[in-house]
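Reviewing the structure listed below.
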Amino acid sequence: MHVFLSRKKILYRSFAMVLQRICSRAKSIKIFRPLSNPELIMKQWKIKNLLACENAAGRIRVMGWVRTRRDSRGFSFLEINDGSCLANLQVIADDGLDGYEQVKKLTTGSAVAVEGALGQSPGKGQKWELAADRVEILQTAPNDYPLQKKRHSDEFLRTIAHLRPRTNKYGAAFRIRSALAFAVHAFFREKGFVCIHTPILTGSDCEGAGALFSATTLDPTNFSPAGNKDAFAGDFFGQKVNLTVSGQLSAEMFALSLGNVYTFGPAFRAENSNTRRHAAEFWMVEPEMAFCDLAGDMDNAEELIKYLISRAMIECKEDLSLFFKYVDKDLEKRLETILEKDFLRISYEEAVCLLEKSGADFKYDISWGKELQTEHERFLTDTHFKGPVIVYDYPADIKPFYMRVNDDGRTVAAMDVLMPGIGEIIGGSQREERLDILESRMKKTGIDTAPYWWYIDSRRFGSIVHSGYGLGFERLIMLVTGISNIRDVIAFPRTPGNIAF
RNA sequence: UCCCCAGUAGCUCAGUCGGCAGAGCAGGUGGCUGUUAACCACCGUGUCCGUGGUUCGAGUCCGCGCUGGGGAGCCA
């Protein structure tokens, strides 16, 4: 049997055998070996690779879903999409095919496996097309398939969130999301950062950032936690437990040991936020850097955003073109501008001064000590500077305890990266590394220090200057794709009252 | 949570001054065609979001509720 196998295949087989022996206990691991059935040896292609071919390949096999069918005299055109790229593969199904009657009944959404020869297409719109000599119908979609060959509203597609990745726009968005997720890891890896997986379940009662989801194994119909201090004594962890709102505090511990670290994971916030920029479950990128001050923090944030945008523009050209063309006509130019220009850096005080002098008619008055409202941020990014702006050194009273108090005693080394159209995409700070000041700020802001003993403790042993920030991953996808609602850049969005999928 | 807007066919929407419920697309049938959001002809489709009210009469006006969208707050 093995006589006819090539050297390469023999090597591959022996490698597979070794691997199989190693993995013998892990039964779920599948070892891929060259198949013996010559019919199955025919290469199965992803459409992305097929369309990128320089020369026509031999007989090939493609599996995917029918996007549309157009009949002609004696044959049908099938547009097949397998999710590997935005483009469809045009398949020519001749009426001489076995089961052509069934092929003629193929509907949008049906699944097929097609075999045949790839050749140059005489028609406009595509370089290659597949002349099918076999069309295997895997399943015909009934005619109540909700996706049609036309544009649907984002609101409607949210009601069929399980099917929306089958559309051009959502398929493209989620391929871009994947590429950017990978790019996040690539960026930090190239810089020598260590990836830390911080806990999802947390015992800290308040991490500072808003309302929390609690996680419990107790039967909610059987106990009433309100006002009962020991209500969770019999629970899994013996205390009240929440879903994390941020990996920052954990990440800091690792920055103080491994140097530069980052986390990239989900965060959960139980705020009743009903906006296009908020979700109850979202993904956040949180670097923490040892021996790094606020300026270094801002440098890293700006570099990361530029890196991610440029990676998307290089790697997701085809998918991005859909957004440039149909979603936001100014998107391409805006992304190019972000790459070209330095992010403008302005202190909170300067920003307030500028806003006061602007003469603009704001709904909310602005003066030193007040929060910058969305309208103020928007004025800075969209009207005044027309580009990304980093505002830093905010009043201490409006920022959390862990941000480092500046020498003036009234501001903290905080920074927000504001993006045109998106608003705040990054929030970060230099962390308070001085034990006494940290403790006094926690007491001043009324935070119970007891559950944070470990965080405070880290400031006792070789405490150093360090900084970090949080990048809202969905907001990044919104920035890159021009999609204006956060519900449309996450697979199955969680917002108040909505968790159907 | 607050403010504003919307809810009519499977989808996207029109519906005038309160007077018989409409179009395009999708779907079905037939035709035509190397087509490409294919094209042409014909066919069917309604809890007008729900509820209460005003009126001879309500898709249309009013109250309440639900759902969705936009904005604000909270934030990433």
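Within every chain, numbering begins at 1; the chains are lettered A, B, ... in the order of the sequence lines, protein sequences first and strands thereafter.
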Strand partner of G52(B), provided both Watson-Crick or wobble distances fall under 3.5 Å: C62(B)
Below 4.0 Å: OP1/OP2 of U36(B) and any side-chain N or O of Arg70(A): no
Base-pairing assignment for A23(B) (Watson-Crick or G-U wobble, both under 3.5 Å): U12(B)
Atom-pair distance (CD on Gln373(A); C1' on C75(B)), nearest Å: 13 Å
Nucleotide nearest Thr374(A) (side chain, heavy atoms from C-beta), chosen from A72(B), G68(B), C74(B): A72(B)
Pair Arg345(A) + Asp299(A): basic N to acidic O under 4.0 Å: yes
Touch class at under 4.0 angstrom, heavy-atom based, for Tyr469(A) against every strand present: nothing
Sugar-phosphate, base or nothing in reach of Ala279(A), heavy atoms under 4.0 Å: base
Touch class at under 4.0 angstrom, heavy-atom based, for Gln90(A) against every strand present: base
Under 3.5 Å donor-acceptor pair, Ser273(A) side-chain atoms to C75(B) base atoms: no
Student check: side-chain heavy atoms of Arg334(A) and Asp328(A) closer than 4.5 Å: yes
Sugar-phosphate only, base, or nothing, as touched by Phe156(A) at under 4.0 Å among non-hydrogen atoms: sugar-phosphate
Below 4.0 Å: OP1/OP2 of A37(B) and any side-chain N or O of Arg67(A): no
Proximal nucleotide (of G69(B), G68(B), C74(B)) relative to the Arg277(A) side chain: C74(B)
Nearest-neighbour nucleotide for the Arg378(A) side chain, A72(B), G69(B), U35(B) considered: A72(B)
Whether Phe492(A) and Phe501(A) hold their rings parallel, tilted or perpendicular, with breakpoints at 30° and 60°: parallel
OP1 or OP2 of C25(B) under 4.0 Å from side-chain N/O of Arg151(A): no
Any-strand Watson-Crick or G-U partner of G46(B), both distances under 3.5 Å: none
No-H, no-angle donor-acceptor pair, Glu129(A) side chain to G34(B) base, under 3.5 Å: yes
Interatomic distance where CH2 belongs to Trp128(A) and P belongs to U35(B) [whole Å]: 21 Å
Basic-acidic side-chain contact under 4.0 Å: Arg164(A), Asp488(A): yes
Asn272(A) side chain, from C-beta outward: closest of U1(B), C32(B), C75(B): U1(B)
Side-chain N,O (Asn168(A)) to OP1/OP2 (A37(B)) below 4.0 Å: no
Donor/acceptor link under 3.5 angstrom from His278(A) side chain onto base of C75(B): yes
Base-pairing mate for A6(B) - Watson-Crick or G-U, with both contacts under 3.5 Å: U67(B)
Glu288(A) side chain vs Glu252(A) backbone, donor-acceptor pair below 3.5 Å: no
Any Lys149(A) side-chain nitrogen or oxygen under 4.0 Å from OP1 or OP2 of U36(B): no
Under 3.5 Å on both distances, the Watson-Crick or G-U partner of G34(B): none
Side-chain donor/acceptor contact of Gln126(A) with base of U35(B) under 3.5 Å: yes
Closest listed nucleotide, where the reference is the side chain of Glu79(A) and the choices are G34(B), U36(B), G68(B): U36(B)
Nearest to side-chain heavy atoms of Thr275(A), which nucleotide of G69(B), U33(B), G73(B): G73(B)
Sugar-phosphate only, base, or nothing, as touched by Gly123(A) at under 4.0 Å among non-hydrogen atoms: base
Nearest-nucleotide pick for Arg276(A), side chain only, options being G70(B), A72(B), A37(B): G70(B)
Presence of salt bridge, Arg70(A) and Glu79(A), under 4.0 angstrom: yes
Side chain of Met284(A) (C-beta onward), nearest among G68(B), A76(B), A72(B): A76(B)
Asp416(A) vs Thr68(A), nearer the 5' end of RNA chain B by closest nucleotide: Thr68(A)
Distance-only donor-acceptor test (3.5 Å): side chain Asn274(A), base U1(B): yes
Under 3.5 Å donor-acceptor pair, Glu271(A) side-chain atoms to G73(B) base atoms: no
Arg73(A) side chain, from C-beta outward: closest of C11(B), G28(B), C32(B): C32(B)
Side-chain touch Phe343(A)/Ile338(A), heavy atoms, less than 4.5 angstrom: yes
Phosphate OP1/OP2 of U35(B) contacted by Ser72(A) side-chain N/O (<4.0 Å): no
d(NE2, His152(A); C1', G68(B)) in whole Å: 18 Å
Sugar-phosphate, base or nothing in reach of Asn485(A), heavy atoms under 4.0 Å: sugar-phosphate
Sugar-phosphate, base or nothing in reach of Leu476(A), heavy atoms under 4.0 Å: nothing
Given G34(B), C75(B), G70(B), the nucleotide with the shortest approach to the side chain of Arg475(A): C75(B)
5' priority, RNA chain B, between Phe282(A) and Pro122(A) [closest heavy atom]: Pro122(A)
Test item: side-chain donor near acceptor, Asp154(A) and Tyr170(A), under 3.5 Å: yes
